[in-house]
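One structure is given below, encoded as structure tokens.
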Amino acid sequence: MRIAFTKMHGNGNDFILIDEFNGVVVREEDKPRFVRAVCHRNFGVGADGALFVQPSDKADVRFRYFNSDGSEAEMCGNGIRCFSRYVVEEGYAGERLKVETLAGILELEVTRNDDGWWVKVDIGKPKFKKEEIPATADVWGYEFEHEGKKLRVYAANTGVPHVVAFVDDLDFDIIPMARKIRYAEIFPEGTNVNFAKVEGGNIIRIRTYERGVEDETLSCGTGSVAVAAIANKLGLVGNTVNVVTKGGLLKIDLTEGTAYMTGGANRVFDGILRLNELKYEV
């Protein structure tokens with residue numbers, strides 16, 4: 001069996017997109033296994049996650065996102081930009097569209113200029129209460145320690161849970177500390193982990209460890225929003241923040257408590273998967 005796919009990325013955070021707008025392509029019970037196989041960088045196409053385009057009776061279109069480990073997540077900031085470019089390009093929705101996600105219905109605007117495709121996402125209001133993250137205790141200023149190094153962290157939910165630690169230097173191995181925080185019992189559903197350095201001119205540089213990918217990614221849209229929102233709440237930056245990820249720039253605007261994210265969306269190639277050649281267990 002052969003099925004069509006599209007490879008996309010937002011600032012290097014890459015995805016396999018499967019179009020199910022006109023009918024199911026991958027059976028629901030097979031999706032986690034399929035995603036693990038197709039996202040494998042040696043035995044599949046390779047990606048941080050998979051996007052499924054589906055019809056919606058609540059919005060213009062329905063967004064489904066699976067991490068590369070096969071787990072489904074409520075939202076993905078870079079993923080929904082790629083998804084939105086695709087559905088506009090394919091004629092499933094107009095340039096201003098509403099998308100159904102597990103985190104609610106989001107409004108987006110897709111534009112194109114000489115520099116490429118750009119998508120502005122209304123992320124909604126970042127949530128800071130412990131039960132909204134969720135966390136079993138207050139983590140606003142919570143302290144973690146790993147191998148003698150202490151970090152004060154803050155948490156927010158921007159569609160998915162995120163922890164942010166502000167550091168003076170980003171040149172270190174983030175994985176050991178990130179994994180300790182990601183799997184900490186205080187976060188019953190786990191969390192994504194961001195390390196951020198605030199620079200002048202409302203610029204923040206970040207590195208992100210993503211839950212479900214279980215590694216550092218080149219960019220994380222919801223993580224960038226969480227970093228900007230927390231830094232703003234702490235008085236470290238203003239309402240317009242340029243977040244610099246390893247994969248590129250994301251612009252975050254905070255207006256009356258609502259966060260808007262603007263960034264690029266790249267459609268790298270379209271291809272055909274040969275399912276009989278796909279290695280499902282590695």
Side-chain angles (χ1 to χ4, degrees), residues 3-22 25-26 35 38-39 45-56 58-68 73-124 158-160 210 213 217-225 242-243 245-253 259-273:
I3 63 173
F5 74 95
T6 297
K7 181 71 184 288
M8 306 188 76
H9 79 83
N11 287 5
N13 194 191
D14 60 339
F15 311 98
I16 306 299
L17 183 145
I18 304 296
D19 189 337
E20 295 188 324
F21 192 79
N22 295 306
V25 174
V26 180
V35 169
V38 77
C39 288
V45 177
D48 292 324
L51 311 172
F52 290 86
V53 178
Q54 296 181 341
S56 171
K58 301 177 181 178
D60 295 304
V61 65
R62 185 184 183 200
F63 168 89
R64 300 278 301 281
Y65 172 68
F66 288 77
N67 293 302
S68 59
E74 298 89 340
M75 240 293 283
C76 173
N78 289 322
I80 202 167
R81 293 203 318 276
C82 293
F83 173 97
S84 298
R85 171 192 167 164
Y86 178 89
V87 299
V88 170
E89 200 168 15
E90 294 299 312
Y92 298 151
E95 293 180 352
R96 293 180 179 269
L97 65 157
K98 292 183 178 181
V99 177
E100 178 188 350
T101 78
L102 290 178
I105 294 177
L106 302 182
E107 296 185 4
L108 302 98
E109 182 178 357
V110 179
T111 58
R112 186 181 185 184
N113 58 29
D114 291 341
D115 295 323
W117 291 77
W118 298 91
V119 183
K120 183 177 182 180
V121 189
D122 180 347
I123 295 292
T158 52
V160 289
E210 287 201 50
V213 179
T217 57
L218 292 177
S219 181
C220 178
T222 55
S224 297
V225 173
N242 290 317
V243 178
T245 72
K246 278 191 169 183
L249 176 69
L250 288 173
K251 180 182 177 182
I252 313 299
D253 292 300
Y260 299 88
M261 172 188 62
T262 302
N266 295 79
R267 186 169 179 169
V268 182
F269 62 86
D270 299 273
I272 300 294
L273 283 168

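FYI, side chains are in, hydrogens and waters are out, and symmetry mates aren't considered; it's all heavy atoms of this structure.
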Among D19, L17, I18, which residue meets the side-chain contact (heavy atoms from CB on, under 4.5 Å) test with F52? I18

Any chance you could measure [X], atom [atom1], to [Y], atom [atom2], to the nearest 0.5 Å?
X	Y	atom1	atom2	answer
F63	E100	CZ	CD	11.5 Å
N22	E90	CG	CD	10.0 Å
T262	N242	OG1	CG	10.5 Å
I16	M8	CD1	CE	11.0 Å
I123	M261	CD1	CE	4.0 Å
E89	E95	CD	CD	11.5 Å

Nearest heavy-atom neighbours spanning [X] and [Y]:
X	Y	answer
A59	I105	CB-CG2, 4.3 Å
T222	G77	CG2-N, 3.5 Å
V99	S84	CG2-OG, 4.3 Å
L51	G79	CD1-O, 3.5 Å
V35	N67	CG1-O, 3.2 Å

Please assess L218 against H9 for the test side chain to side chain contact (heavy atoms under 4.5 Å, CB included), listing each intermediate value before the final yes or no. CA-CA 10 Å; L218 292 177; H9 79 83; over 6 Å; no

4.5 Å side-chain heavy-atom contact, [X] and [Y]:
X	Y	answer
L106	M75	yes
W117	R267	no
V53	F83	yes

What do the steps show when you test Y92 against D60 for side chain to side chain contact (heavy atoms under 4.5 Å, CB included), and what is the final call? CA-CA 8 Å; Y92 298 151; D60 295 304; over 6 Å; no

Verify side chain to side chain contact (heavy atoms under 4.5 Å, CB included) between L108 and V121, making sure each step is shown before the conclusion. CA-CA 5 Å; L108 302 98; V121 189; 3.5 Å; yes

Say whether, by atom type as modelled, one donor and one acceptor occur between the side chain of [X] and the main chain of [Y] under 3.5 angstrom.
X	Y	answer
E20	V25	yes
S219	G12	no
K7	G46	yes
R81	W118	no
N11	L249	yes

Taking atom NZ of K98 as the centre, does the number of heavy atoms from other residues, nucleotides or ligands within less than 6.0 Å exceed 12? no

What I want to check is whether the side chains of S68 and D48 have a donor and an acceptor closer together than 3.5 Å. no

Aromatic ring proximity F15/F5, centre distance under 6.0 Å: no

May I have the step-by-step check of side chain to side chain contact (heavy atoms under 4.5 Å, CB included) for K120 and T111, ending in yes or no? CA-CA 8 Å; K120 183 177 182 180; T111 58; over 6 Å; no

